[in-house]
Undergrad: 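Structure incoming, see below.
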Amino acid sequence: MSQAAGANVPQKSIDPKLFTWPSNKPRLLGSQCNNCGTTSFPAQASCPRCCSEDVETCELGTRGKLWSFTIQGFLPKSPPYAGTETLEDFKPFGVGYVEMPGQVRVVGRINVSSPEELAIGMDMELVFEPFRTDEDGTEIISYAFRPVA
Amino acid sequence: MTDVAIIGIGIHPFGRTDGVSGLEQGAFAVRQALKDCGMDWGDMQFAYGGSSAAGNADALVNQLGLTGLQFVNVANGCATGGSALQSAYMAIKSGMFDVGVAVGFDKHPRGAFAVEPEKMGLGKWYGDVGLALTTQFFAMKIQKYMHDYGITDDTLVKVAEKNYANGALCPHAWRKTALTYEQIAESPMISHPLRKYMFCSPAEGGCAIILASVEKAKQLTSHPLFLKAAVVRTRHFGSFEVFTQGQALDQAPSPSVDASQATFEMAGIGPKDIQVAQLQDTESGAEIMHMAENGFCADGDQEKWIQEGYTKIDGKLPVNTDGGCLANGEPVGASGLRQVYEVCVQLRGEGGERQVQNNPKVGYTHVYGAPGLSGCTVISR
């Protein structure tokens with residue numbers, strides 16, 4: 001999904017450093033180390049592997065294989081959780097790591113509610129979509145994964 | 001260099017003790033340990049103490065006595081107790097002191113540990129979208145492990161069943177009721193594949209261990225135990241830890257592997273020599289993975305080990321004989337010291353109903369936790 005879907009609704013990224021936004025082809029942002037080649041996520045100012053400060057921001061892939069997963073079965077404590085569900089309408093959500101080939105395994109929510117819909121090694125793709133809506137009607141955009149249809 | 005002996009052990013029962021502060025539970029444990037070896041607080045030359053949520057450990061002097069001893073507060077995440085013990089070990093080993101105490105206590109509020117992502121450098125978004133939960137990490141680590149090594153859901157249930165059964169035999173345990181297989185297997189799914197009764201909870205408790213040089217110990221007791229090794233290690237780049245946002249493609253072994261290998265090297269023995277072990281069981285899967293990370297079996301062999309009952313009290317390597325974290329809860333400052341306490345009880349043959357029957361001479365402890373560190377010991381008699 002891109003911002004086109006909500007053309008008339010104001011939208012805002014959940015964190016401007018996390019992915020390119022607004023964009024027709026949004027991408028997650030990581031760091032590429034020019035010293036040892038390691039890719040990290042999210043973008044940071046130095047390399048967690050070799051400590052080099054010679055790193056640059058890079059775009060991550062949008063498809064990869066599911067490395068591991070779980071299903072968040074209960075409403076997370078708020079704060080820090082900012083979702084607007086209640087105990088009554090909470091629906092379990094997936095969480096997993098998706099391996100971006102040659103880059104890094106990225107953690108994120110997965111748009112499924114049941115473990116039967118997931119399997120380690122399956123192909124996943126990235127989606128950008130509203131996570132919640134602010135009081136003033138602004139949609140807060142975050143990223144998630146879903147199984148490739 | 002001198003060798004290090006354990007001469008006194010004390011514990012305040014774990015669980016919930018309304019009306020008694022964490023600090024008071026720590027003081028209780030120290031008094032028990034002093035009584036155990038017939039010493040006075042005034043004999044203690046130093047103390048290392050820690051608590052994550054119940055105050056500054058050095059405030060214990062207000063209750064135990066303002067004797068002027070060297071008291072150092074220790075804060076090292078979930079390995080705080082293990083780190084206090086390791087510091088005390090070095091204090092004796094160096095020859096600077098010949099008797100002192102390691103103490104830990106805690107009193108956590110009910111419910112899951114509170115997490116503040118920004119304080120951990122994680123970015124507010126991470127907590128906002130519902131990823132800042134330690135339970136997710138443990139679930140995803142065992143999910144991957146079960147996939148790779150053929151561990152079954154049935155085995156997850158059996159580990160929890162064993163630990164609650166052991167807790168039911170242990171006076172200091174919090175949960176003293178054994179749970180049936182069905183109660184565990186049908187409890188609510190918290191974070192697939194882990195269910196409610198497969199997780200430990202934050203709790204309360206206190207524990208104290210008095211160490212002495214072997215020379216000093218021989219003057220005080222005819223049957224000291226020996227702390228043969230005490231090691232703490234932290235994570236390397238690429239090990240899979242709690243709150244990892246981007247996991248490296250090249251996976252490094254966990255800090256438990258490092259700590260365990262260093263511990264066995266220091267003790268001059270191997271995993272096959274261990275007769276009773278306490279391994280971090282934040283949840284059922286953790287105990288299973290830690291059996292291999294600490295060198296007791298190969299990856300995947302746990303399935304057979306658990307199904308055959310090898311880690312039960314009457315098995316060939318009893319694990320978590322006091323019920324572990326599942327039956328005791330996890331007061332962070334005290335948890336690692338409880339494991340040491342339990343091994344000492346077993347080596348002394350004082351375990352009562354939960355006493356292992358192989359007349360153990362060598363035991364092992366392993367504590368692991370956020371943000372990715374492990375502490376291990378070898379204790380012998």
Undergrad: For the side chain of Q143(B) and the backbone of S68(A), is there at least one donor-acceptor N/O pair under 3.5 Å apart?
TA: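 Answer holds: no.
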Undergrad: Heavy atoms, side chains only, cut-off 4.5 Å: are Q247(B) and F41(A) in contact?
TA: no
Undergrad: Verify the neighbour count for atom CG of D134(A): are there more than 12 heavy atoms of other residues, nucleotides or ligands below 6.0 Å?
TA: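 It does: D134(A) CG has more than 12 such atoms within range.
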Undergrad: What heavy-atom pair brings P76(A) and G130(B) nearest, and what distance separates the two atoms?
TA: CG-CA, 4.4 Å
Undergrad: Report the option among S78(A), G30(A), G83(A), P48(A) that has the most heavy-atom pairs separated by less than 4.5 Å from atoms of chain B.
TA: P48(A)
Undergrad: Measuring from atom NZ of K124(B) to atom CG of L18(A), what distance do you get when rounded to the nearest 0.5 angstrom?
TA: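 CG of L18(A) is found 13.0 Å from NZ of K124(B).
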Undergrad: Are the aromatic ring centres of W125(B) and F19(A) under 6.0 angstrom apart?
TA: no
Undergrad: Is the shortest heavy-atom distance from the side chain of F74(A) to the side chain of I190(B) under 4.5 Å?
TA: yes
Undergrad: Any side-chain heavy-atom pair from T38(A) and F237(B) closer than 4.5 angstrom?
TA: yes
Undergrad: Need one label for S142(A): side chain, backbone, both or neither, based on atoms under 4.5 Å from any heavy atom in chain B.
TA: side chain
Undergrad: Sequence neighbours left out, cut at 3.5 Å: what donor-acceptor pairs do the side chains of residues 53-63 of chain A make with other protein atoms?
TA:
from	atom 1	to	atom 2	distance (Å)
D54(A)	OD1	N34(A)	ND2	3.0
E56(A)	OE1	N34(A)	ND2	3.0

Undergrad: Given the options A248(B), P117(B), G246(B), G123(B), which has more heavy-atom pairs under 4.5 Å with chain A than any of the others?
TA: G246(B)
Undergrad: So, taking the atom named CD1 in I140(A) and the one named CG in D128(B), what distance separates them when rounded to the nearest 0.5 Å?
TA: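 Nearest 0.5 Å value for the CD1-CG distance: 9.0 Å.
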Undergrad: Does the side chain of E99(A) come within less than 4.5 Å of L249(B)'s, by heavy atoms?
TA: yes
Undergrad: Show, in sequence, the C-alpha distance, side-chain angles and deciding distance for V107(A) and Y126(B), and conclude whether the side chain to side chain contact (heavy atoms under 4.5 Å, CB included) test is met.
TA: CA-CA 10 Å; V107(A) 72; Y126(B) 182 74; 4.1 Å; yes
Undergrad: For side chain to side chain contact (heavy atoms under 4.5 Å, CB included), just list the numbers for M140(B) and W67(A), CA-CA rounded to whole Å, side-chain angles, deciding distance to a tenth of an Å, and then say yes or no.
TA: CA-CA 9 Å; M140(B) 288 191 279; W67(A) 183 74; 5.9 Å; no
Undergrad: If you measure from CG on L118(A) to NE2 on H192(B), what distance do you get to the nearest 0.5 Å?
TA: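 Here the interatomic distance stands at 9.5 Å.
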Undergrad: Can you say whether Y145(B) sits under 4.5 Å from chain A via the side chain, the backbone, both, or neither, judging by heavy atoms?
TA: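 Looking at Y145(B), nothing touches chain A.
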Undergrad: When rounded to the nearest 0.5 angstrom, what is the spacing between CZ in F69(A) and CD in Q136(B)?
TA: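 Interatomic distance, F69(A) CZ to Q136(B) CD, rounded to 0.5 Å: 13.0 Å.
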Undergrad: Measure distances from I120(A) to the heavy atoms of chain B and classify the residue's part below 4.5 Å as side chain, backbone, both or neither.
TA: both
Undergrad: So for Q103(A), is it side chain, backbone, both, or neither that comes closer than 4.5 Å to the heavy atoms of chain B?
TA: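 Interface part for Q103(A): backbone (N, CA, C, O).
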Undergrad: Counting C-beta onward and ignoring hydrogens, is there a side-chain heavy-atom pair between Q245(B) and P42(A) closer than 4.5 Å?
TA: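 Yes; the side chains approach each other to less than 4.5 Å.
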Undergrad: Which residue out of A82(A), G73(A), G94(A) racks up the most heavy-atom pairs below 4.5 Å with chain B?
TA: A82(A)
Undergrad: So for T244(B), is it side chain, backbone, both, or neither that comes closer than 4.5 Å to the heavy atoms of chain A?
TA: both
Undergrad: Using a 4.5 Å cut-off on heavy atoms from C-beta on, say whether the side chain of L131(B) contacts that of V95(A).
TA: yes
Undergrad: Any non-hydrogen side-chain atom of F137(B) less than 4.5 Å from a side-chain atom of T70(A)?
TA: no
Undergrad: Within a reach of under 6.0 Å around NZ of K77(A), are more than 12 heavy atoms found that belong to other residues, nucleotides or ligands?
TA: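 Counting other residues, nucleotides and ligands, NZ of K77(A) exceeds 12 neighbours.
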Undergrad: Do L133(B) and Q72(A) pass the side chain to side chain contact (heavy atoms under 4.5 Å, CB included) test, and can you show the C-alpha distance, the side-chain angles, and the key distance before you say yes or no?
TA: CA-CA 9 Å; L133(B) 291 97; Q72(A) 174 61 36; 3.7 Å; yes
Undergrad: Less than 4.5 Å apart, any side-chain heavy atom of Q251(B) and any of R105(A)?
TA: yes
